[in-house]
S.K.: 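Quick one: this structure, given as structure tokens, is what I'll be asking you about.
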Amino acid sequence: MAEPPGDRILVTGALGQIGTDLVEALRARHGTDAVIATDVREVPEHLLLEDGPFRLLSVLDGDGMDAVVREERVGTIYHLAAILSATGEKEPELCQRVNVGGIVCVLETARKRGLRVFAPSSIAVFGPDCPSIAPQVTPLSPTTVYGRTKVTGEVMAVNYWKQYGVDARGIRYPGLISWKTPAGGGTTDYAVEIFHAALEKGHYECFVSADTRLPMMYIDDAIRATTSLMDAPVESIGPARGGYNVSGASFTAQELADSITERVDGFTCDFVPDERQAYADSWPADIDDSVAREDWGWKAEYDLGRMVEEMLDRLGAQS
Ligand code: NAD
Ligand code: AKB
């Protein structure tokens, strides 16, 4: 492996739901200047990423990525740029181009420049044949284009490790619930939208059925999972390195609505499933994360009640 140009961190897709939180967390740990946020679009005014380095960068621009890595003396890439499931089904070619093309660019840059890589996977790698509590090792037969791109990403990460020694690691994130940035075109977006609707309108029309149960996770747990995995010594990382199962909290859309009703007077929720119901139905209800617990000591801290409290407090304080 080549010597990396430096030890700074580059984050792709930094303006998205996870990126806004992850950049802040990485800057708090490593220093503001050590983390270069990048995205294909300019920083919107309401985001305060301007207090640290930001570069416009498409993950499909291999030469551009290589130049930023050298100029900014990067040693690790957190690769978050992607097209999520609901947008991906509407625009399958874009989804494949960005998700598969992006991981190819990142892994190739890492191979040439000796970088470490974090590249998230998703519960969308599972398909209808998966047991309702998804094991770490099971056939991966996703029905969505997005899910198939995530399986490709996992396989490539493992192959680059085995063939070239690129230390690429990933997590199969559940649906993530956060308050700083809106969710970005996925199936699990209802679990974020419902909080905004509850506080702004007292009502939400949920696009999956009341009994839809999916694995979810609060953003603080997701960020801690990410940094814990990247902090773990390489000897502790096993064959699941391309996509570790991590569990947060599993609940139905009705249970989520009920938990908000307990805390927001008069909140009501209707359930009017649309095409996203089919994607949700193809995913497991819960996750077995025993391998992540064993390999790098993973344990979630937020259950449904704690997460709902925190979301309402944070969003309430913002408005
Ligand atoms: P998001 O949609 O909120 O953000 C993605 C970002 O990528 C956006 O800011 C977008 O501008 C950027 N982007 C799109 N095309 C690009 C390109 N060509 N070059 C550079 N940037 C580009 O997504 P997110 O929710 O933050 O997800 C980040 C990662 O985590 C993705 O890989 C996603 O598959 C994975 N993931 C997310 C969730 C979740 O619930 N948020 C769950 C499982 C996995
Ligand atoms: C989506 O719904 O597409 C994402 C995911 C679970 O990967 N939130």
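Whatever order the structure lists ligands and atoms in, that order sets their numbers, starting from 1. When a residue number appears, it is its place in the shown sequence, counting from 1.
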S.K.: Is T38 reaching over with its side chain to a backbone N or O of V11, donor-acceptor style, under 3.5 angstrom?
M.R.: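 Yes, T38 side chain to V11 backbone: donor-acceptor pair under 3.5 Å.
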S.K.: Specify side chain, backbone, both or neither for Q17, according to which of its non-hydrogen atoms lie closer than 4.0 Å to ligand 1.
M.R.: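 The answer is both, backbone and side chain.
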S.K.: Quick one: does Y173 get an N or O within less than 3.5 Å of an N or O on ligand 1?
M.R.: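 No, no N or O pair falls under 3.5 Å.
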S.K.: Tell me which one of W296, Y173, F118 satisfies ring pair (Phe, Tyr, Trp, His ring centres under 6.0 Å) with Y244.
M.R.: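 Looking at W296, Y173, F118, the match for Y244 under the ring pair (Phe, Tyr, Trp, His ring centres under 6.0 Å) is W296.
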S.K.: Would P182 count as being in polar contact with ligand 1, using the rule that some N or O on each side must be under 3.5 angstrom apart?
M.R.: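 The answer is no, given that P182 and ligand 1 share no N or O pair closer than 3.5 Å.
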S.K.: Find all atoms of ligand 1 within a distance of less than 4.0 Å from any non-hydrogen atom belonging to S121, and give their numbers and elements.
M.R.: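 That gives atoms 43 (C), 44 (C) of ligand 1.
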S.K.: I need the atoms of ligand 2 closer than 4.0 Å to a non-hydrogen atom of L84, numbered in the order shown.
M.R.: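 Heavy-atom distances to L84 below 4.0 Å select 3 (O), 4 (C).
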S.K.: Closer than 4.0 angstrom: is that true for some heavy atom of G186 and an atom of ligand 1?
M.R.: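 No, G186 has no heavy atom closer than 4.0 Å to ligand 1.
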S.K.: Below 4.0 angstrom from a heavy atom of K150, which ligand 1 atoms are there? Numbered from 1 as shown, please.
M.R.: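 Every atom of ligand 1 under 4.0 Å from some heavy atom of K150: 31 (C), 32 (O), 33 (C), 34 (O).
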S.K.: Say whether W283, considering both its backbone and side-chain N or O atoms, lies within less than 3.5 Å of an N or O atom on ligand 2.
M.R.: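 For ligand 2, there is no N or O atom that lies under 3.5 Å from one belonging to W283.
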S.K.: Check the angle between the aromatic planes of F207 and Y190 and answer parallel, tilted or perpendicular using the 30° and 60° thresholds.
M.R.: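 Rings of F207 and Y190: perpendicular, over 60°.
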S.K.: Distance only, no hydrogens: is a donor on one side chain within 3.5 Å (strictly under) of an acceptor on the other, for Y279 and E89?
M.R.: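 Short answer, no.
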S.K.: What orientation do Y302 and Y218 show, parallel under 30°, tilted 30 to 60°, or perpendicular over 60°?
M.R.: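 Tilted, since the angle between the ring planes falls between 30° and 60°.
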S.K.: Would you check whether D189 has a nitrogen or oxygen atom less than 3.5 angstrom from a nitrogen or oxygen atom of ligand 2?
M.R.: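 Between D189 and ligand 2, no N or O pair is found under 3.5 Å apart.
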S.K.: Please check: side-chain N/O of D61 versus main-chain N/O of G64, any donor-acceptor pairing under 3.5 Å?
M.R.: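 Yes: the side chain of D61 pairs with the backbone of G64.
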S.K.: Find all atoms of ligand 1 within a distance of less than 4.0 Å from any non-hydrogen atom belonging to P174, and give their numbers and elements.
M.R.: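 By the 4.0 Å cutoff, the relevant atoms are 40 (O), 42 (C), 43 (C).
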S.K.: Counting each atom of ligand 1 from 1 as listed, which ones have a heavy atom of L57 under 4.0 Å away?
M.R.: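 Heavy-atom distances to L57 below 4.0 Å select 19 (N), 20 (C).
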S.K.: Could you tell me which atoms of ligand 2, counted from 1 in the order shown, lie closer than 4.0 angstrom to a heavy atom of T187?
M.R.: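 Near T187, meaning under 4.0 Å from one of its heavy atoms, ligand 2 has 1 (C), 2 (O), 3 (O).
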S.K.: Using heavy atoms and a 4.0 Å limit, tell me yes or no: is G175 in contact with ligand 1?
M.R.: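 The answer is yes, since G175 has a heavy atom less than 4.0 Å from ligand 1.
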S.K.: Taking K150 for its side chain and P120 for its backbone only, find out whether a donor-acceptor pair lies under 3.5 Å.
M.R.: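 Between the backbone of P120 and the side chain of K150 there is a qualifying donor-acceptor contact (under 3.5 Å).
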S.K.: If we count only N and O atoms by modelled type, under 3.5 Å, do the side chains of T181 and Q17 hold a donor and an acceptor together?
M.R.: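 There is no such pair between these side chains.
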S.K.: Please confirm whether P120 comes under 4.0 Å of ligand 1, counting heavy atoms of the residue only.
M.R.: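 Heavy atoms of P120 do come under 4.0 Å of ligand 1.
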S.K.: Students should be able to answer this: which protein heavy-atom is nearest to atom 5 (C) of ligand 1, and at what distance?
M.R.: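 For atom 5 (C) of ligand 1, the nearest protein heavy atom is A82 O, 3.9 Å.
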S.K.: Mark up the atoms of ligand 2 that fall under 4.0 Å of a heavy atom belonging to S85, in ascending order.
M.R.: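 Counting atoms of ligand 2 from 1, those under 4.0 Å from S85 are 1 (C), 2 (O), 3 (O).
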S.K.: If we only count N/O pairs under 3.5 Å, is S122 in contact with ligand 2?
M.R.: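 For ligand 2, there is an N or O atom that lies under 3.5 Å from one belonging to S122.
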S.K.: Pairs of nitrogen or oxygen atoms closer than 3.5 Å, one from V98 and one from ligand 1: do any exist?
M.R.: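 No: no nitrogen or oxygen of V98 is under 3.5 Å from one in ligand 1.
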S.K.: Number the atoms of ligand 1 from 1 as they appear, then name those within less than 4.0 Å of a heavy atom of G16, with their elements.
M.R.: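 Those of ligand 1 that fall under 4.0 Å from G16 are 1 (P), 3 (O), 4 (O), 9 (O), 26 (O).
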S.K.: So which protein heavy atom does atom 8 (N) of ligand 2 come closest to, and at what separation?
M.R.: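 Result: T188 OG1, 2.8 Å.
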S.K.: Taking 4.0 Å as the limit for heavy-atom contacts, which would you say applies to L84 with ligand 1: side chain only, backbone only, both, or neither?
M.R.: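 Side chain only.
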